[in-house]
Amino acid sequence: MTQDELKTQVGQAALRYVEDGSIVGVGTGSTVNKFIEALASAKHRIAGAVSSSLASTERLQALGIKVFVASEVDELAVYIDGADEIDHAGYMVKGGGAALTREKIVAAQSRRFVCIADKSKYVATLGGFPLPVEVIPMAARRIARQFEALGGAALLRHQGGKPLVTDNGQHILDVSGLTIADPLTFEAQVSQWPGVVTVGVFAFQKADVCLLGTDAGVETLVF
Ligand code: 5RP
């Protein structure tokens, strides 16, 4: 099966976790785009969605799904999102699509995080994928040096020849060379550095379930 087919498979499987009449938390990325397509076929049985990015909001609205502002809504039953890496405990690296801050906010508002991912995302230890970190621009160089002290190499993410600007008006550092053996401690530590908006380790907001796309079908991992 191609990676695209695996993503379609898990996007459709995630519909099982959508409760009738509910507002669904929706993430960002190519795997989530498959979920959004599947959700459109079930839109009559949901009240709408809370979205983690402008890109997902546009897609949802284009398919006729009502999008609520996160601050207008109390707790969400479920948040469905992809990951760049997920480990055996449900800890993740996210932010490849630069939407990590809003993703963490919507995840924190949700009772259950269902991660949808193809098998290439399942890893023994986080850190192989360069870790996205959203930063306030004036702090970017100092934060890059703090990562160097941990053995990482931080690069400012660019788009169209200019530093990428997130939905929140900030920049992204991508940090390679890290081995994140203790995701909870790492997330707590880096989150305290002045100028860090959000670190792309999702340990406090880990997945509760992962629907993993494999050639043999969708595997359900419960953490
Ligand atoms: C966006 C994310 C995505 O969930 C992550 O990058 C995975 O994306 P894809 O499904 O396209 O591989 O965290 O900020």
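For clarity, every value in this text was computed on a predicted model and none was experimentally measured. The figures that follow rest on heavy atoms only: side chains count, while hydrogens, waters and symmetry mates do not. Remember, it's 1-based here, ligands and their atoms both numbered in the order they're listed. One is the number of the first residue; the rest follow in order along the sequence.
Taking every non-hydrogen atom of Thr28 and a distance limit under 4.0 Å, the qualifying atoms of ligand 1 come out as 1 (C), 2 (C), 3 (C), 4 (O). The distance from ligand 1 to the heavy atoms of Gly95 drops below 4.0 Å at these ligand atoms: 2 (C), 13 (O), 14 (O). Taking every heavy atom of Thr31 and a limit of under 4.0 angstrom, the matching atoms of ligand 1 come to 9 (P), 10 (O). Within ligand 1, counting atoms from 1 as listed, the ones closer than 4.0 Å to a heavy atom of Lys94 are 2 (C), 3 (C), 4 (O), 13 (O). Ligand-side atoms of ligand 1 in range of Ala98: 14 (O), range being under 4.0 angstrom from any heavy atom. Near Gly96, with a cut-off below 4.0 Å to any heavy atom, the atoms of ligand 1 are 6 (O), 13 (O), 14 (O). Those atoms of ligand 1 that come under 4.0 Å of a heavy atom in Ala99, given as number and element, are 14 (O).
A donor-acceptor contact closer than 3.5 angstrom is absent between the side chains of Thr2 and Asp4. When only modelled atom types and interatomic distance are considered, Thr101 and Glu134 share a side-chain donor-acceptor pair under 3.5 Å. Using modelled atom types, one finds no donor on one side chain facing an acceptor on the other under 3.5 Å when comparing Ser51 with Ser56.
The other members of the hydrophobic cluster of Leu6, by chain and number, are Met1 (side-chain heavy atoms under 4.5 Å, ILVMFWY only). Grouped with Leu131 in one hydrophobic cluster are Tyr91, Val93, Val123, Leu126, Phe129, Val133, Val135, Ile143, Phe147, Leu150, Leu156, Leu173, Val175, Leu178, Ile180, Leu184, Phe186, Val190, Trp193, Val196, Val199, Val201, Phe204, the linkage being side-chain heavy-atom contacts under 4.5 Å among Ile, Leu, Val, Met, Phe, Trp and Tyr residues.
Contact check on Lys121 versus Glu85 returns no salt bridge, with no Lys/Arg side-chain nitrogen under 4.0 Å from an Asp/Glu carboxylate oxygen.
Remark: distances from the non-hydrogen atoms of Ala83 to ligand 1 include one below 4.0 Å.
Counting heavy atoms under 4.0 Å from ligand 1, residue Ala117 does not touch it at all.
Checked by distance only, ligand 1 and Val32 stay at 3.5 Å or farther apart across all their nitrogen or oxygen atoms.
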